[in-house]
Amino acid sequence: MSRGEDGEQADDGPQDPDSKKLAPIERKPRLLLMGLKRYAKITGVRYLVEANEDKCRSGKSSISNVVFRKMPPQDTLFLPTTTAILKESMHTFMDFQVWDLPGQIDYLDPNFDPDSIFGGVGAMVWVLDAVDNYMEPIGRLTETILHLQDSYPFIKFTVFIHKIDSIADDSREDVIRDIMQRITDDLYDAGLENPPINYYGTSIYDHSIFEGFSRVMQGLVPQLPIFENLLNTIKDRCHFEKLYLYDVYSKVYIASDTTPIAGSAYELGSDFIDLIVDLSEVHGWHRGNTQDSKMKAQQIYIEECGFEADFTQPVDPEVQLAESQVINFKGHHLYLREINV
Amino acid sequence: MATLNKMEKKKVLLMGKSGSGKSSMRNIIFSNYRAKDVRRLGATIDVEHSNIKFLGNLTLNLWDCGGQDAFTGTYLTTQKSHVFSNVGVLIYVFDVESRSFDRDLATYTSITNALAEFSPSADVFALVHKIDLVNPEFRVKVVANREAAIQEASGPFAKSLKVFGTSIWDQSLYKAWGSIVNSLIPNLDVMERYLWGLMGETKAEEITLFEKATFLAVMKVTSEIGKKNPYPDRDEKMSNIIKTFKASLAKFTGDTAGPDFCEKFCISAPKFALIIEELTKNTYVMVVLPPGEAEANCARLNIGIARKRFASMDVLSGQEHDEGQDEGSGGN
Ligand SMILES: Nc1nc2c(ncn2[C@@H]2O[C@H](COP(=O)(O)OP(=O)(O)OP(=O)(O)O)[C@@H](O)[C@H]2O)c(=O)[nH]1
Ligand SMILES: Nc1nc2c(ncn2[C@@H]2O[C@H](COP(=O)(O)OP(=O)(O)OP(=O)(O)O)[C@@H](O)[C@H]2O)c(=O)[nH]1
Ligand SMILES: [Mg+2]
Ligand SMILES: [Mg+2]
């Protein structure tokens, strides 16, 4: 098993033969990471580098590096400020692009061609630094939403209330609620009721960023209802408690069954994937004689945690897909199965 | 057989300068702390004793000795015979970042002299700890340098001394402690014979026995194919990997991580299959196999059969054979 080191992160561009052949790269669903540094100084200047304002950076590049490039969170401390739009093509369970937008560009500047950025966007994630003074960015966010509403009504907005790890446990809820309230009020005053915005408290130092990202990605999966139905069916047939469909590489989950459960098994599931990947590294060395199935970047596993269930099912020896079980830890069971290489 | 039935209690001294990381490693190895949990540990006052049941009727009597000068002074004077008699193993921890290595060595020499006086047959392990703070390029060299100096300061133990570079942030800690507990376990040869027996009945590439609570590798046998595994440090890697996952399971179930991992774990991957099962009350067995259902099923059956055989071995089973009661020692 490999994490699919080769190819899945090629920067977009002409060297990528697949994307050239299939469709122009711009047609892939696009996910924008936005957020602001200080707004006050940005007046009609397109590219304004403010190197000494590092402390107001909200964490966009950190997020994209941690989720899609496996960067250890503590290493993000050394990320330079982004000065141009970073476009990355992802070929995992689906093809999509992540655009990391530098905080210092004024995208609402009338000289700016908005179509080049917002045309074809599937989702926009606004990364709001929960630690910094968030009044200014909120003003900017609502302005952006109002501005885009008319021309691009299909964009799904998500707000990551980010660096939530730096806020004391017992005031996190308050901060999140306060931010939601302010945004809702601002938009209401401007005449926009029930804006289509989701909010997640996130941090690169725990699973929350992966869980938040999962929800955003699910918004870009057109087949989501079909997946959910399938998972619901499997769940009922096998008496599972909860089922998730993961992308192994990013550990984003693409879908889950729709039954609510107390707490979340998502984190355990992604730790389970880590376990399998680590074990495979230690024991999956090349034996030489058996022919190794060619690994591609795209690998999908299914994972669940459930009651007693009969896991023994005939496996076609030709299709070498990984499978794993953790049987009976305090009465729980875990089952993981690769369904697509 | 008579020696097998006796409860064995081995005294283990954990010593070294204050702040060198003794209590940190004790809690990670024996109390399922994660590396990031140890920052809140306070300095140890005097000696913290813990009795750790290890492999049934082998009990480790661990003395975590506070390393502040005042305490070290009393170990070497008023409490000398109390501290240093009947010692099985001395583990001496050196902080790799220490600015006063010469002074550390002088203290270490006094300690080994006292040990030589009261427990001349003890084993000595020196750990060059917090090696994560050294640039990876220089780690091997730094440990080798320190090793030479420590050996010179070890007096009568210089020959048998073992030195490890360790860090709580990677598997090096498990390597050192695996080696330490191995020196304490009696009857390893009997165990090895049993494992070879199990090996013969399966197509296993490697069979490893792990102690349940610590997930330290106790013993392993490896086939010719298994020997080609390019990771010589796979035992400690496994300890690290499984302990990390145990913490995730514990977080999910809301229990503080106890000694159990799970009843059974298996994975069948394109290049290998792997089974981990409880073998006895105090051990897990890990079997690495070539891929395929048939091999795995066969191995599982044989583990079931082997379980009975191993259970008759007191040191593994932990059957309570208090005060020479001999019934139940299992018909062999
Ligand atoms: N505490 C904490 N710090 C974070 C988190 N995410 C990012 N950071 C820190 O925030 C700082 C800035 O991160 P970047 O990702 O470079 O910010 P950016 O939004 O890309 O900034 P620009 O490129 O200048 O727009 C870095 O020092 C990160 O370590 C988080 O979840 N928690
Ligand atoms: N970088 C690094 N720090 C470590 C390591 N092990 C322990 N520490 C740190 O060292 C500090 C002191 O650790 P303790 O375990 O309390 O030290 P001690 O040897 O028990 O000290 P006394 O009880 O006073 O003798 C803790 O803050 C740990 O976080 C390591 O491997 N690497
Ligand atoms: Mg950036
Ligand atoms: Mg201590």
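Letters A, B, ... are given to chains in the order of the sequence lines, protein chains preceding strands, and every chain is numbered from 1.
Taking chain A as the reference chain and counting heavy-atom pairs below 4.5 Å, the highest number among B/Asn240, B/Leu249, B/Thr253, B/Thr244 is found for B/Leu249.
For the pair A/Lys251 and A/Phe210, the cation-pi criterion (under 6.0 Å, within 45° of the ring axis) is fulfilled. A cation-pi arrangement is found for B/Lys212 relative to B/Tyr284, the charged atom lying closer than 6.0 Å to the ring centre and inside a 45° cone about the ring normal.
In terms of the side-chain contact (heavy atoms from CB on, under 4.5 Å) criterion, residue partners of B/Val221 (sequence neighbours excluded) are, by chain and number, B/Glu192, B/Leu195, B/Trp196, B/Met199, B/Ile207. In this view, B/Ile305 and B/Asn302, B/Arg309 satisfy the side-chain contact (heavy atoms from CB on, under 4.5 Å) rule, not counting sequence neighbours. Taking the side-chain contact (heavy atoms from CB on, under 4.5 Å) definition, one finds that B/Ser20 meets it with B/Lys22, B/Val93, B/Asp95, sequence neighbours left out.
For B/Glu205, the part lying under 4.5 angstrom from a heavy atom of chain A is the side chain only. The part of B/Leu274 that comes within reach of chain A is its side chain, from C-beta onward, which places non-hydrogen atoms under 4.5 angstrom from that chain.
Rounding to the nearest 0.5 angstrom, the gap separating the CD1 atom in B/Ile242 from the CZ atom in B/Phe265 is 6.0 Å.
For the residue pair B/Thr214 and B/Glu211, a side-chain donor N or O sits within less than 3.5 Å of a side-chain acceptor on the partner.
By a heavy-atom distance cut of under 4.5 Å, B/Lys228, B/Asn229, B/Pro230, B/Tyr231, B/Arg234, B/Lys237, B/Met238 are the residues of residues 227-239 of chain B near chain A, going up by number.
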